Amino acid sequence: MTAQTIPVDPFELIVFGGTGDLSYRKLLPALFQRDRAGQIVGPSRIIAVSRRAMSDEAFKQAAREAIERYVPAAERDAAGVDHFIDRLGYVAVDGAGEDGWDELKAKLGNADAFIRVFYLAVNPELFGPICQGIQRHRLNTRQSRVVIEKPIGKDLKTAQAVNDAVGAVFDEHDIYRIDHYLGKETVQNLMALRFANALFEPLWNSAHIDHVQITVAEDIGVEGRAGYYDTAGALRDMVQNHILQLLCLVAMEPPTSMDADAVRDEKLKVLKALVPIDMSNVERLTVRGQYAAGASAGGAVNAYAQEIGNGSRTETFVSLKAEIANWRWAGVPFYLRTGKRLASRVSEIVVAFEPIPHSIFGVDAGSVAANRLVIRLQPDEGVKLWIMIKDPGPGGMRLRHVPLDMSFAQAFGGRNPDAYERLLMDVVRGNPTLFMRRDEVDAAWRWVDPILDAWRNKGDAPKPYTSGTWGPSASVALIERDGRTWYEDVA
Ligand code: BG6
């Protein structure tokens, strides 16, 4: 995709958990791409921190291997990689103790010359101790910010404890809570689609929209993250953050500007307007599933319970019918679903418009299907607007449902930048628009907690589904009871 590159001011990025999976797989490749694009300039540096002793040279070698592994060969050359590796350094620090902080301080440059970003790619239990260490050793400067990754708590109470601990050291406007979905090109495009076109907004309400579907489906299982995932489950892992953020972008009122608080104020109102799901309606409005053996991502796979080996009742799939109690959306269901080991990897938002009020065409013309706007987030990013047309040719009036189809790859070509590239540069720039504010995280948990409680109180096991399918049949029933159906692209 074409992108304009505006260099950011010189920075020092200190990555706690710098030798972990996220750092090697996402952060370093993203920073490399930004360096290669000329966005990182001057003496900016990236300093990896973790507990184990390691020389600068050993870390640089590991980083080089990560770049070679995770950045396609066509997107790197030896000189570019060397240039990036020169920006790297390593310090061993015990985040929860005293060791290594003085060495880290000595390694950092002149505090006033650089923006200082602390990235906490570590277990959330360490967020508090690391922030205290930063404060105790006077490492935060006027230009400091901290970035934290999910999971931010496992319910409202624990999320508040995490946010209190970080908030005791950093001001809210210097805390960047990453939801990497907000950095995806197509997710940002949702805002362009809604607010840079006059076409959709007048129709964007319950008078013209029948329902909305949001699907984030994965074909992979829990990979190497079973330890974390089994304590989380699909509702906490995907719905509390990514899917609710997507729902907010679809449903929010037009913000007055792209200013961070203008956007986040509107998202917050949506979260607060979600109709509660609790013991009284959880059975009707939610389905939780767990993958059984089957075939997925090209091969035979085992059941989740077998992989975990503890008779786990954690859900690997969830579908929900959510409603937003406000003037714009009253009576418009938002069907949400996400899961692991599903039929394919696809994330999309479907806005299903109301049918026409009256057809002037006879039965021979065929049925008149309702318009649909399909925003494909990944893969094959693009937008399809399904409309009715006349089937070309003589022989009377026959109607056909076809998509006006805009594929980003075809329209713009080029590389689709990873979400972390955008988000990391936004942190350096000090632009928190695409990051979650504390009250958003709290509001999301306030809606999710009663669902978790209701499931716990009911005590039944998640419904099994064969790996490689679209989840338990109850998920189909959830939407079909309402006379609707999950969207499948048949074009
Ligand atoms: C993460 C979840 O936040 O998002 C993972 O913890 C999930 O379980 C991942 O696989 C999906 O991200 P993406 O960008 O691959 O859709």
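Just so we're clear, the structure is a prediction, and the values are computed from it rather than from any experiment. Each residue takes its place number in the sequence, starting with 1.
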Within 6.0 angstrom of His208 NE2, more than 12 heavy atoms from elsewhere:
yes
Write down the atom of Tyr24, the atom of Pro29, and the distance for their closest heavy-atom approach.
O-CD, 3.2 Å
Answer yes or no: is there a side-chain heavy-atom contact under 4.5 Å between Ile46 and Val15?
yes
List the steps, then state whether side-chain contact (heavy atoms from CB on, under 4.5 Å) holds for Arg422 with Leu434.
CA-CA 9 Å; Arg422 165 75 194 257; Leu434 298 179; 3.8 Å; yes
Closest approach of Asn163 and Arg177, non-hydrogen atoms and distance?
OD1-NE, 3.0 Å
With a 6.0 Å cut-off (strictly less than), is the heavy-atom count around CZ of Arg69, excluding the residue itself, greater than 12?
no
CZ of Arg484 to CD1 of Ile479, rounded to nearest 0.5 Å, is 7.5 Å
Would you compute the distance between atom CG of Leu156 and atom CG of Leu452 and round it to the nearest 0.5 angstrom?
11.5 Å
Side chain to side chain, Val263 and Met252, heavy atoms closer than 4.5 Å:
yes
Determine, for Tyr291 and Arg341, whether the Lys NZ or Arg CZ falls below 6.0 Å from the six-membered ring centre while staying within 45 degrees of the axis.
yes
Interatomic spacing from CG in Leu424 to NZ in Lys26 - rounded to 0.5 Å:
11.5 Å
Check whether any side-chain N or O of Ser257 sits under 3.5 Å from a backbone N or O of Asp259 as a donor-acceptor pair, and report yes or no.
yes
Is the shortest side-chain heavy-atom distance between Arg400 and Met388 below 4.5 Å?
no
Salt-bridge test for Lys340 and Glu218: reply yes if a basic N is under 4.0 Å from a carboxylate O, no otherwise.
yes
Which pair of heavy atoms, one from Leu423 and one from His180, lies closest together, and at what distance?
CD1-CA, 3.8 Å
Determine whether the aromatic ring centres of residues Tyr465 and Trp470 are separated by less than 6.0 angstrom.
no
Check the surroundings of atom CD in Glu201: do more than 12 heavy atoms from other residues, nucleotides or ligands lie under 6.0 Å from it?
yes
Please check if the distance between the ring centroids of His211 and Tyr335 is under 6.0 Å.
yes
Before accepting this row, confirm whether a basic side-chain N of the pair Arg87/Asp35 lies closer than 4.0 Å to the acidic partner's carboxylate O.
yes
Ion pair Lys184/Asp418, N-O distance below 4.0 Å
no
Ion pair check, Lys269 and Glu266, cut-off under 4.0 Å
yes
Is it the case that the side chains of Gln245 and Glu440 hold a donor-acceptor pair, with the cut-off being a distance below 3.5 Å and no angle test?
yes
For the residue pair Arg313 and Trp455, would you count it as a cation-pi contact if the rule is NZ or CZ under 6.0 angstrom from the ring centre and within 45 degrees of the ring axis?
no
Does a side-chain N-to-carboxylate-O contact under 4.0 Å join Asp449 and Lys157?
no
Is any side-chain heavy atom of Arg437 closer than 4.5 Å to a side-chain heavy atom of Leu268?
yes
If only side-chain N and O atoms count, and only distance matters, is there a donor-acceptor pair under 3.5 Å linking Tyr228 with Asp237?
yes
Can you tell me if CD on Glu172 sees more than 12 non-hydrogen neighbours from other groups inside 6.0 Å?
yes
Salt bridge Arg34-Glu421, side-chain N to carboxylate O under 4.0 Å
yes
